[in-house]
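Start at 1 and go down the list; that is how both ligands and their atoms are numbered.
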Amino acid sequence: MIRVGVVGYGYWGPVVARNFQSADGCELAAVSDKNPSAIERARKTYPGIQIASDASEIIQSPRVDAVAVITPVWTHFEFAKAALENGKHVFVEKPFTSTSAQAEKLIELAASKNLRIMVDHTFLFTGAVRKIRQLIDEGVLGKLYYYDSTRVNLGLFQHDVNVVWDLAPHDLSIMNHLIDAQPEAVAATGQSHFNGLEDIAYITVYFKDSIMAHINVNWLSPVKVRTTLIGGEKKMVVWNDLEADEKVKVYDKGVDISSGQGVYDLLVSYRSGDMWSPRVEQVEALKVEANYFAACIQKNEAPFNDGAAGLRVVRLLEAAGQSLKQRGRPVEL
Ligand SMILES: NC(=O)c1ccc[n+]([C@@H]2O[C@H](COP(=O)([O-])OP(=O)(O)OC[C@H]3O[C@@H](n4cnc5c(N)ncnc54)[C@H](O)[C@@H]3O)[C@@H](O)[C@H]2O)c1
């Protein structure tokens with residue numbers, strides 16, 4: 001049984017704690033938060049476990065095997081490093097760290113101690129993303145052309161990170177998981193209207209073989225939208241995460257090109273076939289992820305959402321930040 005200590009019991013911490021409590025091969029052993037009201041909530045929900053206002057009590061506890069870091073991003077490195085130094089496996093929130101140098105240090109530290117790092121890219125464990133990955137693996141979509149995601153809503157404004165660091169880690173991790181190619185360059189534009197932190201941004205990622213990704217994140221949208229289009233040579237997918245049923249729709253639509261004699265003789269025919277909605281497993285993604293975390297530790301295997309996967313996202317966020325400052329000049333990776 002992997003005994004998990006959760007550091008950070010604000011908005012997301014209770015969700016993570018609940019899932020570790022119910023996961024196979026795991027139990028919730030301890031919770032820490034520096035905020036007294038969070039401590040009170042944790043104590044009421046889990047009367048039998050260790051509750052501490054000082055995170056180091058949990059990080060150093062011999063009764064904890066793994067530490068889940070569910071605090072603001074600027075604290076991830078400090079807590080994850082201390083946990084690894086104390087021989088604990090770590091589960092770290094997205095985005096993994098504030099800088100790629102920090103991520104590299106944690107990966108090195110974990111490797112030197114044969115400890116696991118898992119970065120909470122929760123969406124990778126949703127039924128929808130697992131179904132889309134399956135469609136790609138089975139060749140249903142054919143060669144990928146693009147990934148185009150819209151993740152907009154009103155707020156929640158964060159005080160420490162801009163909308164790119166808050167919302168885009170979801171899309172960047174999904175994009176990395178679905179596209180079997182390395183990103184080559186990132187261009188990002190955005191604007192801040194209130195506190196110096198961008199509240200709206202458009203990120204474009206260029207890959208080899210003409211694959212392109214575009215991500216729109218926005219805290220100033222009057223409506224919530226969570227829609228991703230994935231264009232492939234054979235089929236195209238529309239994933240609307242706000243749909244209760246039929247989240248994923250596969251369209252047999254596309255273009256078939258044949259060229260005639262000269263460059264002006266391009267013959268384009270449009271294909272407009274059936275649409276169907278594959279069955280998507282309705283499970284809580286974090287539960288699947290918590291089970292997988294325990295299994296990876298028990299089998300001594302690196303998870304696919306390991307430190308390296310977290311680092312890839314942080315590198316893209318850094319490149320997007322550089323490009324934002326230069327009004328969209330592409331930054332090579
Ligand atoms: N995977 C997801 O879908 C998802 C969803 C929401 C948030 N998150 C991530 O979770 C993390 C936390 O976000 P949140 O929305 O819960 O933030 P939050 O501000 O609601 O909660 C953070 C908690 O950490 C506590 N904390 C801060 N410093 C601490 C310290 N030194 N010792 C102990 N406790 C400390 C705070 O008191 C607070 O209760 C962020 O990295 C965020 O990106 C991920």
For [atom], grab the closest protein heavy atom and report residue, atom and distance to one decimal in Å.
| atom | result |
| --- | --- |
| atom 5 (C) of ligand 1 | W12 CD2, 3.3 Å |
| atom 44 (C) of ligand 1 | E93 OE1, 3.0 Å |
| atom 21 (O) of ligand 1 | G10 CA, 3.3 Å |

Would you say the rings of [Y] and [X] are close, in the sense that their centroids are separated by under 6.0 Å?
| X | Y | value |
| --- | --- | --- |
| F293 | F20 | yes |
| Y147 | H214 | no |
| F304 | F125 | yes |

(message) Would you say NZ of K143 has more than 12 non-hydrogen atoms from neighbouring residues, nucleotides or ligands within 6.0 angstrom?
(response)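 More than 12 heavy atoms, drawn from other residues, nucleotides or ligands, come within 6.0 Å of this atom.
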Identify, by atom number and element, the atoms of ligand 1 in contact range of [X], meaning under 4.0 Å from any of its heavy atoms.
| X | value |
| --- | --- |
| F79 | 30 (C), 31 (N), 32 (N) |
| H76 | 41 (O) |
| N35 | 37 (O) |
| D120 | 1 (N) |
| D33 | 23 (C), 24 (O), 25 (C), 33 (C), 34 (N), 36 (C), 37 (O), 38 (C), 39 (O) |

(message) Does this structure show an ion pair linking R151 with D171, if we count only N-O contacts that are shorter than 4.0 Å?
(response)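 Salt bridge between R151 and D171, a charged N being under 4.0 Å from a carboxylate O: yes.
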For ligand 1, indicate whether the residue [X] contacts it via side chain, backbone, both or neither (heavy-atom separation under 4.0 Å).
| X | result |
| --- | --- |
| K94 | both |
| K34 | both |
| F123 | neither |

(request) May I ask which of I70, L156, L286, I58 has a heavy atom nearer to atom 12 (C) of ligand 1 than the others do? (result)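 Heavy atom nearest to atom 12 (C) of ligand 1 belongs to I70.
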(request) Determine, considering heavy atoms only, which of G8, P169, P72 sits nearest to atom 27 (C) of ligand 1. (result)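 The residue whose heavy atom sits nearest atom 27 (C) of ligand 1 is P72.
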(request) Evaluate the side-chain contact (heavy atoms from CB on, under 4.5 Å) criterion for residues K235 and Y251: first the C-alpha distance (whole Å), next the side-chain angles of each, then the deciding distance (0.1 Å), finally the verdict. (result) CA-CA 6 Å; K235 301 277 186 297; Y251 289 81; over 6 Å; no
(request) Decide whether H121 and N305 meet the rule of one side-chain donor and one side-chain acceptor closer than 3.5 Å. (result)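 Note: H121 and N305 side chains miss the donor-acceptor criterion.
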(message) Among V67, L84, V69, D54, exactly one meets side-chain contact (heavy atoms from CB on, under 4.5 Å) together with I59. Which residue is that?
(response)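 Filter result, single survivor: V67.
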